[in-house]
Amino acid sequence: MDSRPEYKHAELTEQIIRAFYTVYNTLGYGFLEKVYVNALLLELKKLGLTVANEVAIDVLYSGEVIG
């Protein structure tokens, strides 16, 4: 019996983490962040996930939009 707690998005989280490790194990370290971002986007799309890159969001601080 598995004693790990079940989270709302556990399956999706597992897919994302697996995609991250695929990218890292394939490319290794030493590239600029953009290279890893692009590779991760490709891996997530291969899994059939809908992905968006650098989506703008509102950030609130003390009830005010700051970014």
Side-chain angles (χ1 to χ4, degrees):
M1 182 172 174
D2 192 357
S3 63
R4 292 181 301 172
E6 183 61 34
Y7 296 105
K8 184 175 181 180
H9 301 290
E11 185 178 324
L12 176 60
T13 301
E14 196 171 300
Q15 287 180 296
I16 294 168
I17 292 170
R18 198 174 315 116
F20 159 78
Y21 279 111
T22 299
V23 169
Y24 182 76
N25 289 332
T26 301
L27 294 177
Y29 61 90
F31 292 103
L32 294 174
E33 177 184 354
K34 188 66 176 171
V35 172
Y36 297 104
V37 168
N38 289 338
L40 185 57
L41 289 170
L42 288 174
E43 281 300 319
L44 295 172
K45 288 176 184 177
K46 284 199 293 188
L47 293 173
L49 300 175
T50 302
V51 296
N53 189 18
E54 298 187 21
V55 176
I57 61 169
D58 288 335
V59 177
L60 299 176
Y61 179 81
S62 294
E64 301 285 330
V65 176
I66 60 166

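It should be emphasised that the depicted structure is a prediction, and the values quoted were computed from it without experimental measurement.
The stretch residues 52-67 participates, sequence neighbours left out, in no side-chain hydrogen bond (donor to acceptor under 3.5 Å, both in side chains) pair at all. Applying the salt bridge (Lys or Arg N to Asp or Glu O under 4.0 Å) rule to pairs touching residues 36-45 yields Glu43-Lys46, sequence neighbours excluded.
Looking at Leu40 and Val51, their side chains never come closer than 4.5 Å, going by heavy atoms from C-beta outward.
Every residue two or more places apart in sequence or in another chain was checked for a salt bridge (Lys or Arg N to Asp or Glu O under 4.0 Å) with Lys8, and none qualifies.
Hydrophobic side-chain contacts under 4.5 Å tie Leu60 into a cluster, directly or through other members, with Val65. Other residues sharing the hydrophobic cluster of Tyr7, ordered by chain and number and joined by side-chain separations under 4.5 Å: none, the residue standing alone.
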Please tabulate, for side-chain N and O atoms in residues 16-38, each donor-acceptor pair with protein atoms closer than 3.5 Å (sequence neighbours left out).
| from | atom 1 | to | atom 2 | distance (Å) |
| --- | --- | --- | --- | --- |
| Arg18 | NH2 | Glu14 | OE2 | 3.0 |
| Thr22 | OG1 | Arg18 | O | 3.0 |
| Asn25 | ND2 | Tyr21 | O | 3.1 |
| Thr26 | OG1 | Thr22 | O | 2.7 |
| Tyr36 | OH | Gly28 | O | 2.8 |
| Tyr36 | OH | Gly30 | N | 3.1 |
| Tyr36 | OH | Phe31 | N | 3.2 |
| Asn38 | ND2 | Lys34 | O | 3.3 |

